[in-house]
There are 2 protein chains.
Amino acid sequence: MLSKKSKYAIKALVALAKHSKHGEPMRIVEISEQEKIPKKFLEAILLDLRKHGILGSKMGINGGYYLVKKPEQIFLTEIIRLTDGPIAMIPCASLNFYEKCDDCEDETVCGLRKVMTELRTASLAVLSANSIADIIKKETKLINSKNRK
Amino acid sequence: MLSKKSKYAIKALVALAKHSKHGEPMRIVEISEQEKIPKKFLEAILLDLRKHGILGSKMGINGGYYLVKKPEQIFLTEIIRLTDGPIAMIPCASLNFYEKCDDCEDETVCGLRKVMTELRTASLAVLSANSIADIIKKETKLINSKNRK
DNA sequence: CCGATAATCTATAAAGTCTATAGATTATCT
DNA sequence: AGATAATCTATAGACTTTATAGATTATCGG
């Protein structure tokens, strides 16, 4: 399961992407209220995203957070790996967070690892195909098809 | 990520499937030592699997656990749902463990949910295509291709 | 340069989950 | 009856999640 942290991070980035057509920073409180994310928790999340170069911030009046990268270039893989860690379901099947199982004699011959590697490949295909911009696109698409009814 | 509980459950079932050609029950200690799973933890896991009708048990001398279902009919989806819960990454995208997001106004219009539903479909495709028997098959296949080198 | 605003940093903590461990009890077989 | 092995109950340390409180620092308008 995705942690709330990851989910909130994605939602905040979507909110920022929608807002940043204006180019100006968005306040934590605004994001918090709009997306119903606990303010102080969101604070920590945004700080994290800033430290990793996805967001920038400005203090004082008219301050807030803004996107550094374009919504088209922020993929779900990046956010999830940053906030939750590995995409794979077991460490020995992970690309970026590989770890050896201490209960496994020879992983090159492990059937479970083989299946979990297949799963990781499938998951990565979906997550690396979707950026923040794609999420917004899907949203407008869903709204349109709903209104047509 | 998969919990250790799930991982141990799958490994134990694989061990039992390999053993149960003989049809006779396998002792907790044997599984524990063979698969390097902490004994008492394994105990709780096997009890769970028994309560859900996947395993049977027999007390006393020559006792132990045995498979009730055939290895071909025990799929990873079943085990993971039983020990870890949902396959989906967020509850609102789950088939068996659906829950509404309390921060979401209208989920039918949520872009993140849409992506996570795609991911769930992809994950389910892999996990429901693999049974305990399949894991064993993959293992022998891996061993064979290794020996041919 | 002052005062208001808003991000930043540090510390802490409640709740829940994961990963077990210990010990007593009950059923089975010889 | 006695040995074996599963079963049940209770508990607990470590870690993660999900925050909350409060002090500090930077920015801007006037």
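Sequence lines set the chain letters: A, B, ... in the order given, protein chains first and strands last, and positions in each chain run from 1.
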Legend entry - Positions of residues 92-100 of chain A (non-hydrogen atom under 4.0 Å from DNA chain D), listed by number: none
Below 3.5 Å between N/O atoms, which protein atoms pair up with nucleotides 20-22 of chain D? Just atom names and distances, please.
residue: D/dG22; atom: O6; partner: A/K40; partner atom: NZ; Å: 2.5

Inset, instruction - Describe the nucleic acid contact of B/L46 in one word from base, sugar-phosphate, nothing, applying a heavy-atom distance below 4.0 Å. - result: nothing
Hey, are [X] and [Y] close enough for a salt bridge, meaning a charged N less than 4.0 Å from a carboxylate O?
| X | Y | result |
| --- | --- | --- |
| A/K39 | A/E33 | no |
| A/K114 | B/E139 | no |
| B/E78 | B/K69 | yes |
| B/K137 | B/E72 | no |
| A/K7 | A/E35 | no |

Legend entry - Euclidean distance, B/R113 CZ relative to B/L119 CG, rounded to 0.5 Å: 14.0 Å
Legend entry - A/K138 atom NZ: more than 12 heavy-atom contacts under 6.0 Å: yes
Inset, instruction - Specify the residues of residues 48-63 of chain B, ordered by number, for which at least one heavy atom lies under 4.0 angstrom from an atom of DNA chain C. - result: B/K58, B/M59, B/G60, B/I61
Starting from [atom2] on [N], measure out to [atom1] on [X] and report it in whole angstrom.
| X | N | atom1 | atom2 | result |
| --- | --- | --- | --- | --- |
| A/K4 | D/dA19 | NZ | P | 6 Å |
| B/L16 | D/dA6 | CG | P | 11 Å |
| A/K36 | D/dA19 | NZ | C1' | 19 Å |
| B/M1 | C/dC18 | CE | C1' | 13 Å |

Inset, instruction - Using only side-chain N and O atoms of B/Y8, determine if any of them is under 4.0 Å from OP1 or OP2 of C/dT19. - result: no
